[in-house]
**Q** 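Can you read through this structure? Questions will come right after.
Quick caveat: nothing in here was measured; it's all calculated off a predicted structure. Hydrogens, waters and symmetry mates play no part in the numbers below; they use all other heavy atoms, side chains included.
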Amino acid sequence: MKDNQQRSRPGGLQSAHETSEPTSLREPEVTGRDSLRLLLIEDSADDADLIVRELSRGGYRVSPERVDTRDALACALGRQTWDVAIADFTMPGFSGTAALALVREYDAEMPVIFVSGTIGDDAAVMAMRSGAQDYLMKGNLKRLAPAVERELRDAVARRSRRKAEAQLAHLAYHDALTDLPNRVLLNDRLRQAMLAAERNRESLALMVLDLDGFKAINDSLGHYAGDRMLQQVASRLRSLLRDVDTVARLGGDEFAFVLPRTDLEGAVLAARKILTEVRRPHVLEGHPSSVGGSVGIVCFPEHGTSPELLLQKADIAMYAAKSGGLGYAAYDPDRDRHKHGRLTLMVELREAIEGGQFTFDYQPIVDLKTGRPLCVEALARWDHPRRGRLPPGEFIGFAEQSWLIEPLTMMLLDKALAEWGALDPSRTVPVAANLSPRTLHDPDFPDRLADLLRLCAAPPSALVLEVTENVLASDTARVTRCLSRLHAMGITIAIDDFGIGYSSLGYLKRLPVDQLKIDRSFAGELSSGDDAIVRFTVDLAHNLGLTVVAEGVESAESWDRLRQLGCDAAQGGFIASPASAAETRRWVAQRDAKDLP
């Protein structure tokens, strides 16, 4: 799409500020004193010759052009760029300040030096305030060449600074990979388009596109090929749109479109064209590759009156299209409410992952004999903007049923390693994190985790991965291979909530497991029946060379009885409640060498 609209100027000239690359941002072509493109704004040919001779004596090879009217100056400025302009301050009929104003319309950074035979102090001050770089008397031109040299050098610095500022401003509103508008600029354009649509009583459509099959390209050909795919898709999408339309990259493989003066029927036609173009084969690293797409469509004002609400409902429609294999779908408020709620939660969960809405509480695990901290378990919390702080039970199950469990798992592991390690880099107390069974079905997970450990500068021994017994309920061979690779890396593996799930004793001999965590329902408040179960579990684990951790220890009686039964470690409210990383660090520091009461 075209962001810049050119405006005509008198004489058919275009202002340098209206071109795709403003003259004020171009690097000057002059180098040192070899060449100087000089624009002389002077009504006296003799005075112009004096200036050229003085600059030539100063070592410049001057290419001058003299003008003495507004039209001639505009023509010269529009025809080419100049290194410096030297202007008479008091020409009859065309003042120096008027000439300077016209120069600045074309080039904000070109040095302008005034010369005059009659300029006084007041006029000199006015000349400098109007934006000139210097002024000289015609009767004393000895400092002309040094002044030009200084101003050329300063102009290079100004242009470089302005170019850097422009690049930073561009990056703030554009995606670095595709150069499309980013989410910030999209929100602004969408808001402006909504105001215009409301003012003119016109229709407006918003669409969200998510690529299908993009992850397979990343996995098979690498992230460089994935980046090339995104760039090619962005180029194709840009070529489809009108000048008034906007296509933006929201992040990952998701794009959005703002289509002014477009109703639902027009948006459906646009969605079909977009999907047809996206599905055309791509060539990556010499290999033919292809992706598909799913498009969600909403219209203003039928589906919402704020950019945030429209984007959320477009996401919901996109997920409906993806889950149903429809290609595209318009938002339908009468859709099955349960499905609508699930789609809404999926959108909110994806936004939470991208927006960093997850935090951790940490709970220590201590040695039952010495009371010394052995580990801290990271307990994920979702700081939901409307529903408040949610525990894992409110979102992990849903994430496991969708593709979001993979990015959520990696994000949480990254945060736990970085946060705990950054707060306590000198300690050897590892951090434990729960792992979804679905994650263990991914053969690439160990490699990604190894990359994450390197990125966080954390040894594998800094991490304990907890999995439930139900992890073996399906695809035992694949899960075993994945756990074996993780264990071989030096990561500790623990079976969480032992005793309430799969409960097959045979699998403990086959799995590379280091710990058993007895579920809180057995270890929390010990009864005679629970006592027997705990005793049996401890004996079994010790015979297999495993350590035993009791969860949910809430009283001194449970603590003492677990010690008598030979349990190795414990966690629970009696020891320490879940707390922030900083609070847990202080607790660990205080209890590191002390026995619990």
Side-chain angles (χ1 to χ4, degrees), residues 183-184 186-187 190-191 206 208 210 250-252 254 256 296 298 303-323 329 331-363 376-416 418-420 431-439 466 468 496-497 520 551-552 573 577-584:
R183 187 183 290 268
V184 175
L186 173 79
N187 282 334
L190 178 56
R191 194 178 301 277
L206 172 71
V208 170
D210 187 80
L250 297 180
E254 194 171 41
V298 294
H303 297 139
T305 54
S306 72
E308 296 77 17
L309 187 58
L310 285 177
L311 278 168
Q312 185 182 67
K313 291 185 175 180
D315 260 337
I316 292 172
M318 182 271 289
Y319 284 121
K322 185 182 288 287
S323 61
Y331 176 77
D332 182 3
D334 297 325
R335 196 181 306 278
D336 176 71
R337 294 301 173 185
H338 175 67
K339 187 174 183 180
H340 171 80
R342 287 176 58 83
L343 290 171
T344 301
L345 181 59
M346 184 180 291
V347 172
E348 291 178 341
L349 186 56
R350 180 187 60 78
E351 292 176 345
I353 294 171
E354 294 178 352
Q357 295 177 11
F358 291 92
T359 58
F360 278 114
D361 282 340
Y362 294 86
Q363 188 173 36
V376 294
E377 182 176 0
L379 304 169
R381 307 288 188 256
W382 178 4
D383 290 331
H384 195 285
R386 290 185 296 103
R387 298 170 60 190
R389 206 161 196 238
L390 303 180
E394 296 286 333
F395 59 87
I396 290 296
F398 176 77
E400 288 178 331
Q401 299 171 22
S402 71
W403 59 271
L404 291 171
I405 189 60
E406 179 186 322
L408 177 61
T409 297
M410 297 309 298
M411 183 275 296
L412 291 175
L413 288 173
D414 183 13
K415 186 175 181 64
E419 185 174 55
W420 182 252
V431 61
N434 288 277
L435 202 60
S436 164
R438 280 195 58 178
T439 305
E466 299 182 359
T468 63
D496 196 17
D497 301 332
R520 65 181 59 246
E551 298 180 296
S577 299
S580 69
E583 293 173 4
T584 304

**Q** Are the side chains of Asp361 and Arg389 in touch, meaning some heavy atoms are under 4.5 Å apart?
**A** yes
**Q** Run the numbers on Glu419 and Val431 for side chain to side chain contact (heavy atoms under 4.5 Å, CB included), then give the verdict.
**A** CA-CA 10 Å; Glu419 185 174 55; Val431 61; over 6 Å; no
**Q** What's the separation between atom CD in Glu551 and atom CD in Gln363, rounded to the nearest 0.5 Å?
**A** 9.0 Å
**Q** In Å and rounded to the nearest 0.5 Å, what is the CD to CD distance from Gln312 to Glu351?
**A** 6.0 Å
**Q** Starting at NZ of Lys322, measure out to CG of Asp315 and round the result to the nearest 0.5 Å.
**A** 11.0 Å
**Q** In Å, rounded to the nearest 0.5 Å, how long is the span from CG of Leu250 to CD of Glu354?
**A** 8.0 Å
**Q** Measure the spacing between CD1 of Ile316 and CG of Leu311 and express it to the nearest 0.5 Å.
**A** 11.5 Å
**Q** What's the separation between atom CG in Asp414 and atom OG1 in Thr409, rounded to the nearest 0.5 Å?
**A** 12.0 Å
**Q** How close do Leu186 and Ala256 get, heavy atom to heavy atom, and via which atoms?
**A** CD2-CB, 3.7 Å
**Q** Of the non-hydrogen atoms in Val208 and Ala314, which two are nearest, and what is the gap between them?
**A** CG2-CB, 3.5 Å
**Q** Looking at every heavy atom in both Lys415 and Thr359, which two are closest together, and how far apart are they?
**A** CE-CA, 3.8 Å
**Q** Inspect the contact between Arg350 and Asp210 and indicate whether a charged nitrogen and a carboxylate oxygen are less than 4.0 angstrom apart.
**A** no
**Q** Between Thr584 and Tyr362, which heavy-atom pair has the shortest distance, and what is it?
**A** OG1-O, 3.2 Å
**Q** How far apart are the closest heavy atoms of Ala317 and Tyr331, and which atoms are they?
**A** CB-N, 3.7 Å
**Q** Which heavy atom in Ala581 sits nearest to a heavy atom in Trp420, and how many Å separate them?
**A** O-CZ3, 3.9 Å
**Q** Just to verify, which of Glu377, Glu583, Arg381 counts as forming a side-chain contact (heavy atoms from CB on, under 4.5 Å) with Pro578?
**A** Arg381
**Q** Ile396 versus Trp382: any side-chain heavy-atom pair under 4.5 Å?
**A** no
**Q** Are side-chain N/O atoms of Asn187 and Glu308 paired as donor and acceptor at under 3.5 Å?
**A** no
**Q** Check whether any side-chain heavy atom of Leu206 lies under 4.5 Å from a side-chain heavy atom of Lys313, and answer yes or no.
**A** no
**Q** Output, in order, the C-alpha distance, side-chain angles, deciding distance and verdict of side chain to side chain contact (heavy atoms under 4.5 Å, CB included) for Leu349 and Phe358.
**A** CA-CA 10 Å; Leu349 186 56; Phe358 291 92; 3.5 Å; yes
**Q** Answer whether the closest heavy-atom distance between the side chains of Leu435 and Asp496 falls below 4.5 Å.
**A** no
